[in-house]
Each structure stands twice: as C-alpha cells, then as structure tokens.
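Data first, discussion second: the structure below is written as structure tokens.
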Protein chains: 2
Amino acid sequence: MSDTTHIPTLDDVARVAGVSTATVSRCLNEQQKVSAKTLERVMKTINDLGYTPNFNARAMAAKRTHTIGAIIPTMENAIFARGLQAFQETLHASGYNLLVSSSAYQPDLEAEQIRALVARGADGLLLIGYERGQDIYDYLQRRGVPTVLAWTSHPDGGHASVGFDNCAAMRMLADRVLAMGHRRIAVISGIVEGNDRAEGRLRGIRESLVAHGQDPDALPVIQTAYEIENGAAAFETLMAQDPRPTVVMCGNDVLAAGAISRAKHLGLAVPEDVSITGFDDIELASILHPTLTTVHVPHRDMGCIAAQELIDMVEKRSMGATRKLEVSLAMRESLRPVVEP
Amino acid sequence: MSDTTHIPTLDDVARVAGVSTATVSRCLNEQQKVSAKTLERVMKTINDLGYTPNFNARAMAAKRTHTIGAIIPTMENAIFARGLQAFQETLHASGYNLLVSSSAYQPDLEAEQIRALVARGADGLLLIGYERGQDIYDYLQRRGVPTVLAWTSHPDGGHASVGFDNCAAMRMLADRVLAMGHRRIAVISGIVEGNDRAEGRLRGIRESLVAHGQDPDALPVIQTAYEIENGAAAFETLMAQDPRPTVVMCGNDVLAAGAISRAKHLGLAVPEDVSITGFDDIELASILHPTLTTVHVPHRDMGCIAAQELIDMVEKRSMGATRKLEVSLAMRESLRPVVEP
DNA sequence: CTTACCTGTGTAAGCGCTTACAGTTGATTC
DNA sequence: GAATCAACTGTAAGCGCTTACACAGGTAAG
C-alpha cells in the first residue's frame with residue numbers, strides 16, 4: 001500500500017460512477033433534478049470511495065457557505081453560553097453551521113475577527129451590542145453581510161437587533177432597591193468603555209437615583225472586568241467605606257458571585273449585613289448561597305429569535321427588524337429591605 | 001452610486017498597482033521576495049481598495065489554512081473553558097486560528113463535526129478523550145490530519161495525547177476519603193457510556209474501595225449528564241437511602257455544585273451532615289459555600305502543551321508524543337473526617 | 001407527422017487565490 | 001566584453017467545486 005493516499009474528489013466520483021461532475025454535484029445539492037437510478041448509483045460510489053466534499057471549493061464556486069459567524073466578548077464564563085446554545089440549535093435546524101469567536105472585550109480584536117469571518121465567507125453575522133466604529137458597519141454593508149446585534153437594543157433602529165433595554169432593566173431593579181429603603185448604594189460595574197450594555201446598566205441606576213431625588217454623582221462605582229475575582233476585590237474596597245453601603249449592585253452575576261464569596265471571607269452576612277444584586281440570571285445565580293436577586297434575561301429566546309431573524313435576512317435579503325424583549329426581576333435571598341436602626 | 005458594489009480581488013489590486021497577481025500574492029505571503037518599492041506600492045493599493053484576501057480561495061490554492069479545529073463535549077459549563085482558552089492563546093501566538101465545535105457528548109455528532117472540520121481544511125485537530133470508533137481514527141489517518149487527544153491519557157500510547165490519568169486521580173481522592181474514615185460512600189458520576197474520563201473516574205473509586213477491602217459492587221452510583229440540576233436531583237435520591245452516605249463523591253465540580261445546593265434546600269449541613277467532593281477545580285469550586293474539595297487539573301498547562309504538540313505535528317510532520325500531567329488534591333471545606341458516634 | 005415542451009445529462013467557464021517555471025534586468029567576475 | 005549570477009517579476013496552470021447553457025430523447029398536443 002502506498003503512503004500517498006489520494007483524497008477522493010468529485011471528479012473521481014464522476015469517473016467511477018460513469019457520469020459527469022455536474023450530475024454528482026446535483027446528487028449532492030439538488031437531488032430532485034436527478035433520476036432515481038442515477039442518484040442511487042452515484043450515492044453508492046460516494047460511499048464506496050469515502051468521498052467528502054471540499055468545503056472551500058464549494059464555498060468558492062457557490063458563493064454560499066451556510067455558515068453563520070458569531071463574535072462574543074468572552075467564553076470564559078457562562079454569560080453568553082445559554083443564548084448562544086439556543087442560537088446554534090436554531091441555526092442547525094435550518095441547515096446552518098455556526099462559527100464562534102471570542103473578542104475578549106477588545107474592539108480591535110473584534111474588528112479583526114469580523115473580517116476573518118467575512119473572509120471565510122460567513123453568510124451572516126451575530127454581534128453583541130451596538131457600540132463599535134462606523135467603519136465596521138460600513139464594511140459590513142459594503143460586503144453585503146447581513147448582521148444582527150444582540151444582547152442590546154439599539155437606540156435608533158438603524159440596525160437589525162434582538163435584545164433588551166439594559167438601562168431600563170437595571171433601573172427597574174434599582175427602583176426596587178430604593179423602594180426597600182436602601183439609600184447607601186454602591187456599584188460594581190463592568191468596564192463601561194466600549195461596552196454599551198455595561199454603560200446602560202450603570203446609567204439605569206443613576207436614572208433611578210435621580211428619579212428618587214438622590215445625587216447620582218455621589219454613587220460609589222468601581223468598574224472592573226467580568227471575573228469572579230474582580231468582583232470579590234471590588235466588593236472589599238467598597239465595603240471599606242464609612243459608612244458602609246447597605247447594598248452593592250453588580251453589573252452581572254459573575255461579579256455578584258465574587259462579591260458574595262468575599263463577603264463570607266470578611267465575615268459579613270448577606271443579606272443581613274449587606275444586600276447584593278446581580279444581572280443576567282445565569283444558572284449560577286440560583287445555587288449561590290444566599291441565592292442571588294438579579295435581573296432575569298430571556299437568553300434562550302434571544303438566541304432563537306436572533307437566529308430566525310438572521311436566516312430570514314440571509315435567505316430573503318430582508319432588512320431585519322428590531323426586536324425588543326422583556327426582562328423581569330428574579331427576587332431571591334440576597335436582597336432585603338433595610339432594617340430601621 | 002450603484003448598489004452593485006464590487007468586492008475587490010487580488011486581480012484588482014494587481015491591476016491598480018500595475019503588477020502581476022503573483023507579486024501581490026508575494027506581498028501578502030513572502031514579503032522578502034519583493035523589492036521594497038513594489039511592496040510599498042502594493043500595500044498602499046491594498047489599503048486604498050480595502051482588499052481582504054478570500055480565505056476559501058487561499059485555502060484551496062495553498063492547501064493550508066493555518067486553522068486548527070477543536071471539538072469539545074460541551075460549552076454549557078466552564079469545564080473546558082480555561083483549557084481551551086490557553087489552547088487558543090498558544091495557537092494564536094504561532095499564527096493559527098481556532099475553530100471550536102461542541103458535540104454535546106454525542107459520538108455521532110462528534111464524528112460529523114470531525115468530518116466538517118476536515119472538510120474545511122483544518123490543519124490539525126484537538127479531540128477530548130480517546131474513546132471513539134476506529135473508523136474515525138482511520139479516517140483521520142487517511143486524510144493525514146494530525147490529531148491530539150486531551151483531557152485523558154491513552155492507555156496504549158498509539159495516539160498523541162496530552163492529559164492525565166482520570167482513574168488514578170480519582171483514586172487518590174477516594175483514598176483520602178477512606179483515610180478520613182468514610183465507609184458509606186455514594187457517587188454521582190457522569191454518563192460512563194462513551195466517556196472514558198467519566199469511566200476512569202468511577203473506576204478509580206472502585207479500585208480504591210477494593211484496595212481498602214471494601215466491596216465495590218455495593219457502591220451506590222447514579223450516572224447523569226453534567227448539569228447542576230442533575231447533580232441536585234441525584235444527590236436527593238442518594239440521601240434518601242437508609243443509612244445515609246457520609247460522603248457523596250461527584251464526577252465533576254458542576255455535579256458537586258448541584259449537590260451542595262440541594263443539600264442546603266434539604267436542610268443538610270455540608271460537611272457536618274454529609275461531605276461532598278468534586279473533580280476539575282473550576283473557578284466555581286472555590287466560591288461555593290462551603291468551598292469544594294476537589295481534584296485540581298492543570299487546565300491551562302494542558303491547553304498550552306496540546307497546542308505546542310499539535311503545531312509541531314503540523315509543521316514538522318512529527319508523530320506527536322504522549323504527555324501525562326500531574327494532578328493534585330484541592331482540600332477545602334466540603335470534605336471532613338467522619339465523626340465517631 | 002410536426003411542433004412544443006419537459007426531464008435528465010453533459011460541457012465548460014469560472015470562483016480567487018498560490019506557485020512552479022520562465023524570463024528580464026543589472027551587477028559582478030574573469 | 002562575455003559569462004555568470006542574484007534579485008525581481010511575470011505567465012499560466014491548477015486547486016475542487018457549481019451552474020449557465022446546450023443538447024438529447026421522450027411525451028403530449030395540434
């Protein structure tokens with residue numbers, strides 16, 4: 001046996017089956033255009049030879065890849081896992097494949113990955129949030145790549161998007177916190193720069209303060225990357241103030257998990273000594289001790305709808321709509337009313 | 001402005017810059033073969049035109065993609081996140097891109113994705129575990145695709161692999177559990193069928209029991225998919241036995257997190273009423289309450305080494321070695337000695 | 001018996017790159 | 001001054017597919 005094993009091509013199949021390459025191609029892509037007899041013979045040959053179509057050649061000739069690209073800010077924690085899973089499942093059901101990249105919250109890396117996915121021939125793209133350079137939107141438009149923005153709700157509906165209003169959502173939670181009598185609020189926020197979701201959430205708290213006659217500029221805020229350890233460190237810093245905050249509102253559940261963990265180390269009881277809130281309602285939120293009060297985001301719905309929207313744009317060249325989903329509060333143990341002294 | 005915007009190709013660049021396509025290609029791939037003057041002019045043209053090379057055409061002509069594929073069983077939880085992140089970073093540093101798919105622990109889906117990645121021209125593959133059909137290994141060999149197996153240590157070193165001995169690792173933990181006086185052990189295992197890691201871990205416990213003169217067949221075991229909720233449900237079932245186990249050993253940290261959460265709901269104190277152990281030492285393990293005693297796996301090292309190994313195999317056509325990493329016990333609060341009655 | 005049409009198949013022209021090979025030029029050597 | 005060579009650059013042949021178009025043969029309609 002020679003070691004120069006030949007990888008079978010469509011030509012090989014055609015030759016062995018005694019038909020033209022066009023017919024083999026039709027057997028693969030448009031079976032109804034081929035007679036039953038020919039189809040059977042060709043399929044048998046394909047099997048015998050162990051032939052697999054070359055994806056790149058296919059993409060090149062057809063100018064279609066049935067591939068959708070998605071770029072998410074991080075894969076390290078579960079923030080996007082559930083939504084992306086639903087996105088993937090919906091795509092798969094319609095015969096599309098998903099290619100995922102992580103941008104590590106770096107705009108230039110995201111730009112690079114967008115170009116890479118487009119260069120690979122992605123039929124459409126899913127991006128998180130709306131805040132990015134106009135040049136990127138121009139590029140996407142020029143290349144004619146349908147794009148859906150998720151996890152956000154674009155202020156002026158210039159783009160197709162599926163998400164929710166981060167600001168209004170967090171404001172709803174802050175309203176509740178204030179209604180419970182909390183007046184000394186501190187915040188652990190994600191990095192706001194270049195992240196419209198984090199910015200919106202923080203703004204929601206400030207707006208709520210204003211509506212309740214509080215001074216938003218007096219609000220203690222620490223911005224930090226979404227990692228458990230960062231949440232823990234920020235919590236400790238915030239609790240060193242005098243007087244201590246009665247509640248620490250976190251930009252997401254991961255930061256909140258860090259805060260709760262550190263509270264325990266510091267000998268602080270949650271919620272007796274200090275209340276803590278999160279955002280996202282990932283699985284983690286309900287197994288923490290205490291269970292975490294947070295904003296519930298319909299991740300699976302978001303993923304499904306985004307996929308449907310994108311497929312529609314790809315196949316019908318439609319414009320793509322703006323879909324706004326409702327969020328709700330998940331009231332659990334980690335938040336409770338201020339006790340009068 | 002017409003709406004039939006043309007996407008610039010290498011030909012366009014060549015024409016505008018007044019050189020041949022070969023020269024443009026050289027500017028992109030082997031700059032040292034081009035004169036400084038030509039290079040500058042071509043690069044300027046590329047910029048002016050906003051040209052991006054077509055990945056598929058490139059892959060086709062060069063028969064190289066600088067892309068590595070990885071198929072992991074799940075993206076839903078963080079089990080593989082850290083290792084994969086390290087894998088990705090190491091690849092990136094050497095100019096390779098990573099394509100990730102999730103097989104959802106389904107062997108046939110994994111097979112399908114292997115073919116898909118090979119069809120896309122992946123230069124190499126990372127797979128988790130060694131247990132899969134011989135046909136897949138044959139296929140990979142025939143296509144000449146270098147492959148590294150990770151998260152496992154293949155019994156007979158027929159394949160390149162980077163991992164650890166799941167059986168020995170879990171046995172080490174079980175030895176410790178037994179040394180602490182526990183005799184009523186129960187196990188929440190991952191699904192063993194088609195998962196050599198889960199099988200090895202379970203076997204490790206049994207081997208330890210035998211070594212300590214216990215009957216391995218009397219061990220209560222529940223097999224379930226790696227999800228928090230499943231761990232919780234299994235825990236409740238196991239604790240319904242009479243007499244109750246004094247320790248519940250879990251196949252990984254995710255199951256353990258579910259067990260701890262359910263223990264709280266049932267009013268059982270951990271570790272006072274029952275000890276719980278995990279496996280993997282993901283970030284979650286140290287923020288649980290109580291903190292989780294588990295087996296620490298060097299995920300980052302594993303990812304880095306796997307990447308280096310794979311690149312070496314791709315570029316030097318080397319055979320690929322078998323690398324076995326050491327694991328250690330992370331002794332935390334959730335496990336404690338049995339208290340004499 | 002034409003004419004028209006439908007079904008199934010083949011021919012061949014690309015898709016946008018890379019690269020072996022073949023020049024062309026100017027500098028260097030004897 | 002001819003020969004040699006190095007440094008660039010161009011020509012053109014694919015890479016493995018899809019698909020517009022052409023064509024053959026059979027059926028139905030006039």
Side-chain angles (χ1 to χ4, degrees), chain A residues 4 6-43 45-46 49-67 115-116 118-123 143-144, chain B residues 4 6-43 45-46 49-67 115-116 118-123 143-144:
Chain A
T4 56
H6 177 71
I7 295 170
T9 68
L10 187 137
D11 279 287
D12 297 326
V13 177
R15 191 161 359 89
V16 174
V19 297
S20 72
T21 60
T23 297
V24 179
S25 178
R26 287 187 194 105
C27 289
L28 257 22
N29 304 306
E30 322 167 277
Q31 307 203 345
Q32 76 285 355
K33 289 194 179 176
V34 175
S35 75
K37 225 172 93 185
T38 310
L39 179 62
E40 190 194 4
R41 184 154 38 94
V42 170
M43 289 316 240
T45 309
I46 286 177
L49 262 46
Y51 166 75
T52 327
N54 178 313
F55 177 89
N56 295 117
R58 227 171 172 168
M60 190 150 190
K63 296 175 175 308
R64 276 297 302 279
T65 58
H66 282 278
T67 296
R115 281 167 203 281
V118 171
R120 275 178 188 270
D123 292 337
R143 305 285 301 224
Chain B
T4 56
H6 177 72
I7 294 171
T9 68
L10 188 138
D11 279 286
D12 298 325
V13 176
R15 191 161 358 91
V16 174
V19 297
S20 72
T21 60
T23 298
V24 179
S25 178
R26 288 187 193 106
C27 290
L28 257 22
N29 303 307
E30 324 168 275
Q31 306 204 345
Q32 77 284 356
K33 287 196 180 176
V34 175
S35 77
K37 225 171 93 185
T38 310
L39 179 61
E40 190 194 2
R41 184 154 39 94
V42 170
M43 288 316 239
T45 310
I46 285 176
L49 262 46
Y51 166 75
T52 326
N54 179 313
F55 177 90
N56 296 116
R58 229 172 170 167
M60 192 152 189
K63 296 176 175 306
R64 277 296 302 281
T65 57
H66 281 276
T67 295
R115 280 166 204 280
V118 171
R120 275 176 188 271
D123 293 336
R143 304 286 300 223

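Order of the sequence lines sets the chain letters (A, B, ...), proteins ahead of strands, with each chain counted from 1. Just so we're clear, the structure is a prediction, and the values are computed from it rather than from any experiment.
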Original post:
What is the minimum heavy-atom distance between A:N56 and B:R120, and which atoms define it?
Top reply: OD1-O, 3.1 Å
**OP:** Using atom CG of A:D11 as one end and atom C1' of C:dG10 as the other, report the distance to the nearest whole Å.
**Re:** 13 Å
Original post:
Residues from residues 49-59 of chain B sitting under 4.0 Å of DNA chain D, heavy atoms only?
Top reply: none
**OP:** Would you tell me if any nitrogen or oxygen in the side chain of A:S25 comes within less than 4.0 Å of OP1 or OP2 on D:dT19?
**Re:** no
**OP:** Specify the separation, in whole Å, of atom NE2 of A:H66 and atom P of D:dC17.
**Re:** 16 Å
Subject >> Residue mapping more 5' on DNA chain D - nearest nucleotide basis, B:V19 or A:E30 >> reply: B:V19
Original post:
Taking OP1 and OP2 of C:dG10, is either one under 4.0 Å from a side-chain nitrogen or oxygen of A:T23?
Top reply: yes
**OP:** Return the minimal non-hydrogen interatomic distance between A:D123 and A:H66, and the atom names on each side.
**Re:** OD2-N, 2.6 Å
Subject >> Side-chain N,O (A:S35) to OP1/OP2 (C:dT7) below 4.0 Å >> reply: no
Original post:
For the helix from C:dC1-D:dG30 to C:dC30-D:dG1, what angle lies between the axis at the first five pairs and the axis at the last five pairs, to 10 degrees?
Top reply: 40°
**OP:** Mind calculating the distance between CZ (A:R26) and C1' (C:dG8) to the nearest angstrom?
**Re:** 8 Å
Original post:
Side chain of A:A22: nearest nucleotide among C:dC15, D:dT19, D:dC15?
Top reply: D:dT19
Subject >> Under-4.0 Å side-chain N/O to phosphate OP1/OP2 contact, A:T21 with D:dC17 >> reply: no
Subject >> A:R58 vs A:N29 side-chain heavy atoms within contact, under 4.5 Å >> reply: yes
Subject >> Listed nucleotide nearest any side-chain atom of B:M60, set D:dG16, D:dG10, C:dC17 >> reply: D:dG16
Subject >> Where A:F55 and A:T67 come nearest, the two heavy atoms and their spacing >> reply: CZ-OG1, 3.8 Å
Original post:
Taking all atoms of both residues into account, what is the closest heavy-atom pair of B:A119 and A:P53, and its distance?
Top reply: CB-O, 3.6 Å
Original post:
Please give, in whole Å, the distance from D:dC21 C1' to A:K33 NZ?
Top reply: 12 Å
Original post:
To the nearest Å, how far apart are B:I7 CD1 and C:dC15 P?
Top reply: 13 Å
Original post:
Of the non-hydrogen atoms in A:A14 and A:V24, which two are nearest, and what is the gap between them?
Top reply: CA-CG2, 3.7 Å
Original post:
Looking at B:T38 and B:V34, what are the two nearest heavy atoms and their distance?
Top reply: CB-CG1, 3.7 Å
Original post:
Does A:T65 use its side chain to pair, donor to acceptor, with the backbone of A:G121 at less than 3.5 Å?
Top reply: yes
**OP:** Determine: side-chain N/O of B:K63 to OP1/OP2 of D:dG16, distance under 4.0 Å, yes or no.
**Re:** yes
Original post:
Over how many whole Å does the gap from A:R143 atom CZ to C:dG16 atom C1' extend?
Top reply: 12 Å
**OP:** Send over the distance from A:R120 CZ to C:dG16 C1', rounded to a whole Å.
**Re:** 16 Å
Subject >> Rounded distance in Å - CG (B:L28) to P (D:dT9) >> reply: 15 Å
Original post:
How many angstroms lie between CG in B:L10 and CZ in B:R15, if you round to the nearest 0.5 Å?
Top reply: 10.5 Å
Original post:
Counting only heavy atoms not in B:E40, do more than 12 sit closer than 6.0 Å to its CD atom?
Top reply: no
Original post:
Does B:S20 have a side-chain nitrogen or oxygen under 4.0 Å from the phosphate oxygens OP1 or OP2 of D:dG10?
Top reply: yes
